[in-house]
Amino acid sequence: MTTTILSPHFSTPDQLIDSLQMKGYVVVSPSVVSELLQCELAELERIKPDWDCLPIDHYLKDGGRYRRRRHSCFVVEGEEVKQTPHRAHWQPLEYNALHGGMKRMFEPISPATCNQLVWSKLLQAIGNICSKIKGKQPWFVEAHQFRIDTTDGIGRPTPEGAHRDGVDFVAILLVGRVNVKGGESRIFEATSSNGLRFTLTKPWTLLLLDDERIVHETTPIQPLAEGGHRDTLVLTYRANGFQE
């Protein structure tokens, strides 16, 4: 049976801010991401190898070993990006019923990635969008590299289910998907049952969410061939400090 893959509606650069303000989310094509960063996509490809050496996430409460990740924190203010001392990731149970309330200390993102100029460009560009919505200010950014694999037959990008993250904005970039089916993005208005579903298929597509207004999840993936996996970079932007 052939599964229909629903494509997202991409916003143009001139629509981006208005769409995010009106709908609470926006999907941006790789070419527009390149335009926002003022660089070629080849620059983003330079950080891609880092996903091949992510350590296992040992905190999964479902006992799975399908998720690999690294995590680091930054403060973005205008054109300045500063990495903070390494710290644990923490969320309240209110936002993550499965893994909230516990400090999870993951391995940091490698200097080979963080020292790339395109890394700062990426954090700055998204921070600039956030500031256009909520005013110029320092943004406290948590960066998560994820690989969800299908070694055990199924991988769950969001084992906690549909959720918010307790921040101001969530940026989800597809880094790549190899030999998998599933992995459908589903977003819902936090105050109603209205929602959309679509699948991110092109590397460096960006889904940007207003976390106060939008609930999100990604459906499980299954392998189409050996080595099936889905890689993402998730960046959360929060005003007034990190969650702790």
Side-chain angles (χ1 to χ4, degrees), residues 1-10 25-30 33 41 44-72 89 96 98-99 104 106-107 109-110 113 119 122 126 142-163 165 170-188 195-209 214-236:
M1 183 177 68
T2 302
T3 301
T4 301
I5 295 178
L6 299 177
S7 298
H9 170 74
F10 293 121
Y25 74 91
V26 68
V27 187
V28 182
S29 70
V33 169
L41 288 177
L44 280 167
E45 288 293 310
R46 291 174 190 159
I47 68 173
K48 198 170 184 177
D50 205 13
W51 272 259
D52 291 330
C53 54
L54 300 181
I56 287 282
D57 181 346
H58 293 287
Y59 292 97
L60 287 171
K61 285 190 173 181
D62 63 5
R65 293 180 61 82
Y66 52 81
R67 184 160 77 180
R68 297 174 177 273
R69 71 189 295 180
R70 288 181 184 270
H71 165 259
S72 290
H89 175 51
N96 190 330
L98 186 60
H99 297 114
R104 291 178 284 168
F106 299 107
E107 291 295 319
I109 296 173
S110 73
T113 291
W119 181 262
L122 177 61
I126 297 174
E142 295 198 47
H144 306 261
Q145 293 173 303
F146 289 106
R147 168 164 289 183
I148 307 299
D149 69 36
T150 56
T151 303
D152 296 329
I154 191 169
R156 296 177 175 85
T158 52
E160 64 272 38
H163 66 284
D165 286 335
V170 178
I172 302 168
L173 285 112
L174 179 70
V175 177
R177 49 182 288 147
V178 177
N179 293 329
V180 295
K181 61 181 179 179
E184 182 179 75
S185 299
R186 296 182 177 178
I187 59 176
F188 312 90
L196 288 174
R197 59 190 183 95
F198 47 80
T199 302
L200 306 180
T201 59
K202 297 179 180 179
W204 308 115
T205 300
L206 167 65
L207 170 60
L208 184 56
L209 308 170
I214 301 294
V215 176
H216 66 279
E217 67 176 338
T218 304
T219 63
I221 58 171
Q222 293 177 287
L224 293 174
E226 187 175 354
H229 62 268
R230 179 178 183 268
D231 295 344
T232 54
L233 172 64
V234 177
L235 303 168
T236 64

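Note that the numbering runs from 1 along the sequence shown for the chain. In this text, all values refer to a predicted model and were calculated from it rather than measured experimentally.
Of all non-hydrogen atoms in Asp62 and Tyr66, the two that sit nearest each other are OD2-OH, 2.6 Å. Trp204 approaches Leu44 most closely through the heavy-atom pair CZ2-O, 3.3 Å. When every heavy atom of Trp119 is checked against every heavy atom of Ala143, the shortest pair comes out as CZ2-CB, 3.8 Å. Between Leu200 and Ser185, the shortest heavy-atom distance links the atoms CG-OG, 3.9 Å. Closest of all the heavy-atom pairs between Ile126 and Leu206 is CD1-CD1, 4.4 Å. Taking every heavy atom of both residues into account, His163 and Val215 meet most closely at N-CG1, 3.3 Å.
Every ring-ring contact (aromatic ring centres under 6.0 Å, His included) that His144 has, sequence neighbours left out, goes to His71, His89, Phe146. With sequence neighbours excluded, the residues that form a side-chain contact (heavy atoms from CB on, under 4.5 Å) with Pro157 are Ile148, Thr218, Arg230. Residues that satisfy the side-chain hydrogen bond (donor to acceptor under 3.5 Å, both in side chains) test with Glu107, not counting sequence neighbours, are absent from this structure. For Lys48, the salt bridge (charged side-chain N to carboxylate O under 4.0 Å, His left out) partners at least two apart in sequence or on another chain are Glu45. Partners of Ile56 under the side-chain contact (heavy atoms from CB on, under 4.5 Å) rule, at least two apart in sequence or in another chain, are His58, Arg65, Arg68. Residues meeting the side-chain hydrogen bond (donor to acceptor under 3.5 Å, both in side chains) test with Thr219, sequence neighbours left out: none. The salt bridge (charged side-chain N to carboxylate O under 4.0 Å, His left out) check on Arg186 picks up Glu184, with sequence neighbours excluded. For Asp52, the side-chain hydrogen bond (donor to acceptor under 3.5 Å, both in side chains) partners at least two apart in sequence or on another chain are Arg147. Scanning for side-chain contact (heavy atoms from CB on, under 4.5 Å) contacts around Pro220 gives Ile154, Arg156, with sequence neighbours left out. Qualifying side-chain hydrogen bond (donor to acceptor under 3.5 Å, both in side chains) partners for Gln145, counting only residues two or more places apart in sequence or in other chains: Asp50. Legend: residues meeting side-chain contact (heavy atoms from CB on, under 4.5 Å) with Thr150, ordered by chain and number and at least two apart, are Val180, Ile221, Pro223. Considering only residues two or more places apart in sequence or on other chains, Phe10 meets the ring-ring contact (aromatic ring centres under 6.0 Å, His included) condition with none of them.
Rounded to the nearest 0.5 angstrom, Leu208 CG and Leu173 CG are separated by 9.0 Å. Between the CD1 atom of Ile109 and the CG atom of Leu54 there is a distance of 9.0 Å, given to the nearest 0.5 Å. Atom-to-atom distance recorded for Arg177:CZ and Thr205:OG1 is 11.0 Å, nearest 0.5 angstrom. Note that CD of Glu226 is 9.5 Å distant from CG of Asn179, once rounded to the nearest 0.5 Å. Interatomic distance, OH of Tyr25 versus CD1 of Ile214, reported as 7.5 Å (0.5 Å rounding).
With contacts defined as side-chain heavy-atom distances shorter than 4.5 Å, the pair Leu207/His216 does not qualify.
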